[in-house]
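Below is one structure, written out as structure tokens; the observations come after it.
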There are 6 protein chains.
Amino acid sequence: MDNHLKIFSGSSNLALAKEICDHVDVNPGKLAIHRFSNENITVQIEENVRGDDVYIVQTSCPPVNDNLVELLIIIDALKYASAGRITAVLPYYPYVRSDKKDKPRISITARLVADLLETAGADRILTMTLHAPQIVGFSRIPVDQLLATPLIADYFSRRDLTDYIVVAPDVGSAKKAEVYARRLDLPMAIIDKRRYADDEKAVAKYMFGDVEGKNALLFDDEILSGGTMLQAIHIIREHGARRVFAGCAHAIFSGQAIPRIIESPIEEFVTTNTIPHAPERLGSKFTILSVAKMFGDAIKAIHQGDSVSKLFND
Amino acid sequence: MDNHLKIFSGSSNLALAKEICDHVDVNPGKLAIHRFSNENITVQIEENVRGDDVYIVQTSCPPVNDNLVELLIIIDALKYASAGRITAVLPYYPYVRSDKKDKPRISITARLVADLLETAGADRILTMTLHAPQIVGFSRIPVDQLLATPLIADYFSRRDLTDYIVVAPDVGSAKKAEVYARRLDLPMAIIDKRRYADDEKAVAKYMFGDVEGKNALLFDDEILSGGTMLQAIHIIREHGARRVFAGCAHAIFSGQAIPRIIESPIEEFVTTNTIPHAPERLGSKFTILSVAKMFGDAIKAIHQGDSVSKLFND
Amino acid sequence: MDNHLKIFSGSSNLALAKEICDHVDVNPGKLAIHRFSNENITVQIEENVRGDDVYIVQTSCPPVNDNLVELLIIIDALKYASAGRITAVLPYYPYVRSDKKDKPRISITARLVADLLETAGADRILTMTLHAPQIVGFSRIPVDQLLATPLIADYFSRRDLTDYIVVAPDVGSAKKAEVYARRLDLPMAIIDKRRYADDEKAVAKYMFGDVEGKNALLFDDEILSGGTMLQAIHIIREHGARRVFAGCAHAIFSGQAIPRIIESPIEEFVTTNTIPHAPERLGSKFTILSVAKMFGDAIKAIHQGDSVSKLFND
Amino acid sequence: MDNHLKIFSGSSNLALAKEICDHVDVNPGKLAIHRFSNENITVQIEENVRGDDVYIVQTSCPPVNDNLVELLIIIDALKYASAGRITAVLPYYPYVRSDKKDKPRISITARLVADLLETAGADRILTMTLHAPQIVGFSRIPVDQLLATPLIADYFSRRDLTDYIVVAPDVGSAKKAEVYARRLDLPMAIIDKRRYADDEKAVAKYMFGDVEGKNALLFDDEILSGGTMLQAIHIIREHGARRVFAGCAHAIFSGQAIPRIIESPIEEFVTTNTIPHAPERLGSKFTILSVAKMFGDAIKAIHQGDSVSKLFND
Amino acid sequence: MDNHLKIFSGSSNLALAKEICDHVDVNPGKLAIHRFSNENITVQIEENVRGDDVYIVQTSCPPVNDNLVELLIIIDALKYASAGRITAVLPYYPYVRSDKKDKPRISITARLVADLLETAGADRILTMTLHAPQIVGFSRIPVDQLLATPLIADYFSRRDLTDYIVVAPDVGSAKKAEVYARRLDLPMAIIDKRRYADDEKAVAKYMFGDVEGKNALLFDDEILSGGTMLQAIHIIREHGARRVFAGCAHAIFSGQAIPRIIESPIEEFVTTNTIPHAPERLGSKFTILSVAKMFGDAIKAIHQGDSVSKLFND
Amino acid sequence: MDNHLKIFSGSSNLALAKEICDHVDVNPGKLAIHRFSNENITVQIEENVRGDDVYIVQTSCPPVNDNLVELLIIIDALKYASAGRITAVLPYYPYVRSDKKDKPRISITARLVADLLETAGADRILTMTLHAPQIVGFSRIPVDQLLATPLIADYFSRRDLTDYIVVAPDVGSAKKAEVYARRLDLPMAIIDKRRYADDEKAVAKYMFGDVEGKNALLFDDEILSGGTMLQAIHIIREHGARRVFAGCAHAIFSGQAIPRIIESPIEEFVTTNTIPHAPERLGSKFTILSVAKMFGDAIKAIHQGDSVSKLFND
């Protein structure tokens, strides 16, 4: 009874899945996904998986709910096909921002997603940079969370960072920005959107720390429409910042995010391929760092029973 | 601690939900459903539901997977808002045709759906005309299945049915057609698509029973693209059938189904509003019977602890 | 930590279990089953099974409920004896016909059986020819369903089938008969027990298709008292059928089934040994095909993590 | 949404169930139990039970396994018929003596029974005099255990007990006998079946305490074939006991128990109707005390949310 | 079947429980907690709770693990005593800071606590000011989280807050401090403990915002030894802050916290009674606001099925 | 994917854990247990355990509840660190005496402990000499129960036992004493604390069996304060017993047990190291037999899939 490592891919991010397979040096698992005229999805696993150690790569990008349901169906098919262990590999975790009950009678959908994955038959989750570290605790199956921070920070660390400063676009993200600031050994500024004093020099009030004459690095864990970040850039420019660079783990880029970034003063936007984007839609401003090696190494470690944390501690 | 009956509606079929509320004589429950630019759905229940007996109406029609995920999120929000009992009211059950493992390593997704509903927090299911009666056994929470057959058959029974015959479009649907034939006290014919003998009188081989000079009634539980039914009509016309009428419980009408039916020899197509269709898209050929009274009566019975089966046995 | 394949047998069908063991080339697992004077059953597994891949063969035949409870107790004993994986091998699945809620407030007992097996500790089910393919979906543990159809059809295919016809004893079994008809490439007839026209030539009305002068093959998935089949034979003889042969996967043969078949015009009755029958009780009319090789091959495939579906697709 | 108390009865002990219904002053619930020719049991609940507080009386007596499976099917039918709460009323608990693992690789079947009842859908258990008090801990649903001891002891306490002694038939039952001795304020003797000293006056060695010239009361929680008790009587008679009386909660009376007791020196055998016995099979030696009032009072207390323990503490 | 509201108290905070009972106007539930010489705890619920709506108040303070195990035992006793619904009322949630996996192979114990409470039989949790809002998502039973922020902020809002500033003791707590700043409409400062620039004016570097000549309000959700807060006070005093006030929801006060606060420049320390402290141990600096009314109102709302969120939104 | 045997130890009994590791010939697993000033425990597993077969040794001794919670946290950390299988090794099972509901509305805490262990993530339990054999049935995960009886009995069997007698300190422990008596082939006496006859020769009444001039061996499964045993010694001395020896599996020794035994007529007290005692606190009267070899052999057998029962049957 052998225990083969097999990697399957849902429809969401075939390029990343292929790259992971290449890194792990396995052929992508054979899988037929069909969508009927009534929009129902059928999945057939086209190779024997009995007893195998199976990984299924599916990220959360539009069509978000089709991808989620497709993932659940694939897991169900694998489970009843007697896969030995099923790991849901979620480069970007579905509904990750829905992680708390900040209004009455709403759903903590990131928790529901963990429940649905477990019900469908997932034995483990492998994901990257969750919106809050507590989200790991939503799941009753083990979660390995990889962090994109080192990947992105290391990319920036290769340049001369004299006169650079890390800027948190609001108080709520100060803690995350601090992680980058520590890693890059840079000072930090925090934008505060409240007015909090009586005098009327409004601009001065919106900024903790001094960006005057500095090159600003703005970081966030994910960018949707980019509104918060672009507003932050406006403020720091008013405070005298010079060049502006940005980075994020997950580039959702919904709505007009891409053209707005292209037109913005951001010189370079560094992100990863957890969300796929057609290169032709992105301009030369964008640098996409691949997470394939990180996921591939983690999959190999999980398969072989090696420590995942050891892979990434530096 | 009162125990109010409350009916909420997902996005899929607001008209039917409204009609059910009217029949039950309650105001629709207040619910805010929002879809972010990243396609994530958020749901807020906008009224207190603690301890209440809550029904959430959501049918399975395009966008199928958005509707399914939306339903799961609504149920989750209701559960953690401390609803007393949650009944998923599914006029057309999601993935109902995915009910067996007729190929290796596929998912019995209708069973997965039952699991997901239970995980999200549903206590009961109320649905109509499942593809197979065994599907009730997929669920570990009680299922009340209403049947559209009497509604549709009774509609036809009001006309003079002399020289009418019920036609099953293939052997697999013979059993379901027989239910209509019995109820309408009509003869039956069955189309057999196999060739099964050596001689070449092919046409004769494809038909059990005699439709020559008869008016044909074709029934199915659901119509997708309508291909099977239109092919059947072609065959029975070759065998001398005169007028043709059709009926089905669930009118999915995917792809070119509507124009094809409009152009077909079908004189009248009778179905229900379990799947919503804009009246302007349907021509005068279509008769839509409302299931609102049936669902409303069932909801009242469930709420009051009355027998549901008693409502409908005649 | 080795992972031995072990096959145990309940009391129901020791001969088949022995034959399966011989085919798999293992000794039957040692097990002491004792029935006290108070009818309580005790089971002791008489060999170490820690970590082993254990199969327990128990069919559903009289005493049906003793066999079911005995099976649950054996599984429980194996589970707490730390068996590595437990597969319930059910040649004939208990309560398989109780698969839908066709009357109010009845139990879908085939689903309850799946629940009880899982509760007792079964990890998998291996069974044959379920009454409906949906029954696989009743279980939350993987089910491998073998099909007796090829075994029986292949037996008949070895003779000259010119002028043979497959007959479905009623409309409800038309779909199952069609599977045999396709496999044997034979025409089909269907008996319809309703009266559906005004004229009084009653006999003609009861038959779809023409059996005049043909040799009839009647198939069903299981035979209880044989009433439906014998009534069908009466009808097809009136319609001019010549010789009559019958086949079924599961020969329950309750009540007077055996003498009635012996006295009937059936020339040969072909079935399997999923239900044990003392050869001396059956006359020369009966041909029993052994399913031991099919079950043995499936057990070997499951044990080795090979595809079960691949074994049987032809 | 009313919450009616309803009492249904399985096939095992209709007389006791009827007596309980009379005591509670409700009509027995309507239930159709059918046993097919293939020995499969079907159950139909013949009245609406939605939301009701349902009690199902089924004792464990031959046919033990039919009664157990029947009970599970009834519970399943009630659950999916949407009963509000289901209490399994088990006058004699199935497989109660299978409560420990005193040999390797056996089943603690009394625990399995608790699991099966919960899986089928029971919410509570109401039972009487378990073999060991720890068995209550086998169940994950609440168990109310009634005790037959007061019923039987009080019966004896009405006579003049001068020169009576309670005798435990072996060391293992000393603790249980002590409960009777305390309640009746009587001395106790214990039979020890081991030989434990060097001298050869074997008979003397087998007895703790002095029964010489005393009237002996032998108690056990259940009597199967009666072997242990009859052997004990032989020993105490050799030690000079005069009259002998016996009592037990559960009279299984398997094998030749009844004639053996009739022929024995036991003057009166006092037991309860937890196990039904045709009066004509029992001679005049037997006194049957009814537990109907105790069960009826407990059911009323459970239904009304009153304390059950308060009912019986005296 | 009535449904009484009953409030029981564990050993941890009898005074608060009593105060809550008074506010709700019920007598404290009768409960005997005994600790044997072997340190095992036994609990007996001393009144009937069948069907009742039961609340059990237990906070997490030393002895932390005794209190946690005692709570689990009380819940277990209530569950098997057939309480209708059990709400664990946790003024300070056990192990609340253990909410993420910030080192490899550690336990998210706040999640484990939720699992243990559910296993023991809790149906709901009512708690106050969790360390992170995501912790609500750890539980599979509904959680009502009350917030101490309004209570504490409102206390301060009654004074003249001219020249006051809210200070976050580190970047990680900036978000929480901001909530107070918004509510009190005050400016904010954040202490940053990193060095982040090249010049050596170290003191200036450690502070975002200007506290010079201001009165500082320091807030945290919980205070253990007080080290972080006292270090922060040292820094802000160096930056010219004048008077210093502090507030926190949960006053653990471990080690030398109390004397250190007494000796510190803090003029007034405002906290709540979620953790009990003997008044004589606290000096006049401490102001304890009672949460009894908030918990009492929440309990009444939960019992009556009213909205809890509505109680506290202002 | 290797499957290493690893043994970790909680804080309760490091010496025994070390001895077990030595016997199994593995290094103790690396584990950091820290107790914060707020009494919260944190645990970090300091080596990779992915896929490993992990044993965690934790006995139940003061501080009982700290040890229990610590055990649950360790198991939780191991589970989410992806250990392959987790066995809780409990030399003395927590709350083992709380095994029945002998008063209304109490907790069967030994069952709750089994539930908590399973919830935290334990896959198996390995323990020794439970208070009642039924306790094994409390757990839904497999339990291997080792017995200290042979260890202790064999120790005594090495001396000349002429004129020795086994004494049960009360009727309730007669059954357990009998096991020793059988194993040592000795006579037995039982102390009965009730007065049960009218005459006033009280002393004679308290004893079944004759200890006059005999050397008494008193056995119990566990000793708390020693009260029962010391009272028994008083009685047997009055009945003429000469020398007195005592033995028990689990030496809790709460309160003044140790000095009271030292001052008592007991010549030698034989017990095991399931509970740790500082040797300097015990006098020369105490003989401690190590259970390390038994646990070590059991762990090796479980790891290798060998029979545990076979190890110890003699």
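Per chain, numbering begins at 1; letters A, B, ... match sequence-line order. Keep in mind that what you see is a predicted model, and the values were worked out from it rather than measured.
With a threshold of 4.5 angstrom between heavy atoms, P104(E) approaches chain F through its backbone and through its side chain. Heavy atoms closer than 4.5 Å to chain F are found in both the backbone and the side chain of L116(E). Heavy atoms closer than 4.5 Å to chain F are found nowhere in E118(E), neither backbone nor side chain.
Listed options A120(F), P63(F), S225(F) were ranked by heavy-atom pairs under 4.5 angstrom with chain E; first place goes to P63(F). Per-residue heavy-atom pair counts under 4.5 Å with chain F were compared for A77(E), A81(E), G121(E), and the maximum is reached by A77(E). Among the candidates N48(F), N67(F), V49(F), I108(F), the residue making the largest number of heavy-atom pairs closer than 4.5 Å to chain E is N48(F). Contact count against chain F (heavy-atom pairs under 4.5 Å) is highest for L224(E) among I252(E), L68(E), L224(E). Annotation: maximal heavy-atom pairing with chain F below 4.5 Å, among G255(E), C61(E), S254(E), occurs at S254(E).
A salt bridge between D123(E) and R85(E) is absent, with no side-chain N of the basic residue lying under 4.0 Å from a carboxylate O of the acidic one.
For residues 87-100 of chain F, the side-chain hydrogen bond (donor to acceptor under 3.5 Å, both in side chains) pairs, not counting sequence neighbours, are Q134(D)-D99(F), N65(F)-Y95(F), Y92(F)-E222(F), R97(F)-E222(F), S98(F)-T109(F).
Partners of K79(F) according to the side chain to side chain contact (heavy atoms under 4.5 Å, CB included) rule, which considers only residues two or more places apart in sequence or in another chain, are I86(F).
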*Would you check, one step at a time, whether the test side-chain hydrogen bond (donor to acceptor under 3.5 Å, both in side chains) holds for H250(F) with D221(F)?*
CA-CA 6 Å; H250(F) 306 295; D221(F) 52 358; over 6 Å; no
Identify all side-chain donor-acceptor contacts of residues 69-76 of chain F below 3.5 Å with residues at least two apart in sequence or on another chain.
from, atom 1, to, atom 2, distance (Å)
E70(F), OE1, S11(F), OG, 2.7
E70(F), OE2, S11(F), N, 2.6
E70(F), OE2, S11(F), OG, 3.0
E70(F), OE2, Q58(F), NE2, 3.1
D76(F), OD1, R111(E), NH2, 2.6
D76(F), OD2, S107(E), OG, 2.7

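Residues L16(F) and V291(F) have side chains in contact (heavy-atom distance under 4.5 Å, counting atoms from C-beta outward).
Of all residues in residues 26-35 of chain E, none places a non-hydrogen atom less than 4.5 angstrom from a non-hydrogen atom of chain F.
Atom CD of E46(F) sits in a crowded spot, with more than 12 heavy atoms from other residues, nucleotides or ligands closer than 6.0 Å.
Ring pair F269(F)/F286(F) is tilted by interplanar angle, where 30° to 60° counts as tilted.
Residues H4(F) and D53(F) bring no donor and acceptor atom of their side chains to less than 3.5 Å of each other.
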